[in-house]
Amino acid sequence: MKYIIRAKKLITVTDVGTIENGAMLVEDGIIKEVGRWDTLKNQIPKFDLIDCSNQVITPSLVDCHTHLLEFAPSSLYPVTTKTHFLAGKAILFKALSSGITALGEQICGHPLCDFSVSEYRDAVADFPMDISFATTSISIGFEDLAHFTSITGSKAVSQSDLTSSNLVKKIAENSDYPGENIFINATPANFTEDVVPKAGEIIYTTEQLKEIVAIYHDADKKIGCHVAGEEGIGMAIKAGFDVLHHAHGITDKQIDKVVEKGIQIVVTPMGGTHLPPNSPEQIVKLIERKIPVSISTDAYLPPYPGVPWLPFQDRSLKGPDSLMLIAGPSMKLLKNTFDENQILALLTNSPARILGKENQFGRLEPGLAANFLVAEGIPGLEITDVDQIKKVFYKGVKVIERG
Ligand SMILES: [Zn+2]
């Protein structure tokens, strides 16, 4: 399959920047050339024309921290083991129709699910989306703390099991990328405050964290953590984590350390920890320090209450279709100082890099997969409504079309 697709402008998210009146050649699912329409149009009729000259083309979106296949199906639908992945695929389809063609999924262990990590992988192997899995352990802040792991399924484990090097090794072996591989603080998960009074409690010592990090690094894997609050973040930095997820409540001094150590941060402005989530001002501060930042939803999640930058009126669970909406305030605040390509990288190239797939997708660049969308404006910056995303392409194939 060979085509040339024309647009009002292409946001490449590369050094080339924005190309007005641009076009892109796609062959066998790969981007072949990106340039001006004037210089590429002579490729017709060798290449079929798809004319989107009134619309914008950008790389499709990447949400590098989600819980769509393990926690979401039973939170959203009355599923059984038999129908769990039917609901899972419906949830993935909603993400795809929101312009997202790559996910970083967490498999944490869950009281209601006994699927193995490979069953999650197999269930979505044919879905037109690139899914990386982070295998993790999780600590939920109930009155009696509850711990699970991706290896032990629905059976709760003890706090001391969490640092068993055998178990940690198995978790590390199955992990594709540095997601929230361990929860330094107990999480509120999707529960209201009264049910999870111990959310925020620190589960590990710095020594234990160092040992866990060493197990991942010895296996040649990067490791990320769920962390919030000055104390936990300080421990994570000392222990040598590669990626901090959330980092709610990070201090200016800790930002200096993060810069010094080259740590990446996945911010979740909708919530996800016991503390108020990353504000647009904090996200701008991280980016001004040139820290590689990705914005992600941590979906499905109830929005943190009383946060002025979130537009939600209720606390019902929000999904990846909210990615543009929750990223919008930060992206708009960056507009005074940064180019639109650098800003869109927060939802494309940076999360692709967290997944270790920056050489596969996340930019409009020759040689990368033709994962892109056609929209009425730049996602997050100019549009936040998924209905304004008109077409989504995955590996060169149109998978979403809106009239
Ligand atoms: Zn999470």
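Both ligands and their constituent atoms are indexed starting at 1 by order of listing.
Taking 2.8 Å as the threshold, H246 does not count as a candidate ligand of the Zn ion (ligand 1), since none of its N, O or S atoms lies below it. Not a single N/O/S atom of H226, whether from backbone or side chain, sits less than 2.8 Å from the Zn ion (ligand 1).
Taking the N/O/S atoms of D298 in turn, the shortest distance to the Zn ion (ligand 1) belongs to OD1. Among the heteroatoms counted here (N, O or S) of E180, OE2 is the one nearest to the Zn ion (ligand 1).
Taking the centre and axis of the six-membered ring of F47, the NZ or CZ atom of K2 falls inside the cone set by 45° and 6.0 Å.
Between H84 and Y120, the angle of the ring planes goes over 60°, which puts this pair in the perpendicular group of the 30/60° scheme.
The heavy-atom pair separating Y204 from I202 by the smallest distance is O-CG2, 3.3 Å.
Residues forming a ring pair (Phe, Tyr, Trp, His ring centres under 6.0 Å) with H248 (at least two apart in sequence, or on another chain): H246.
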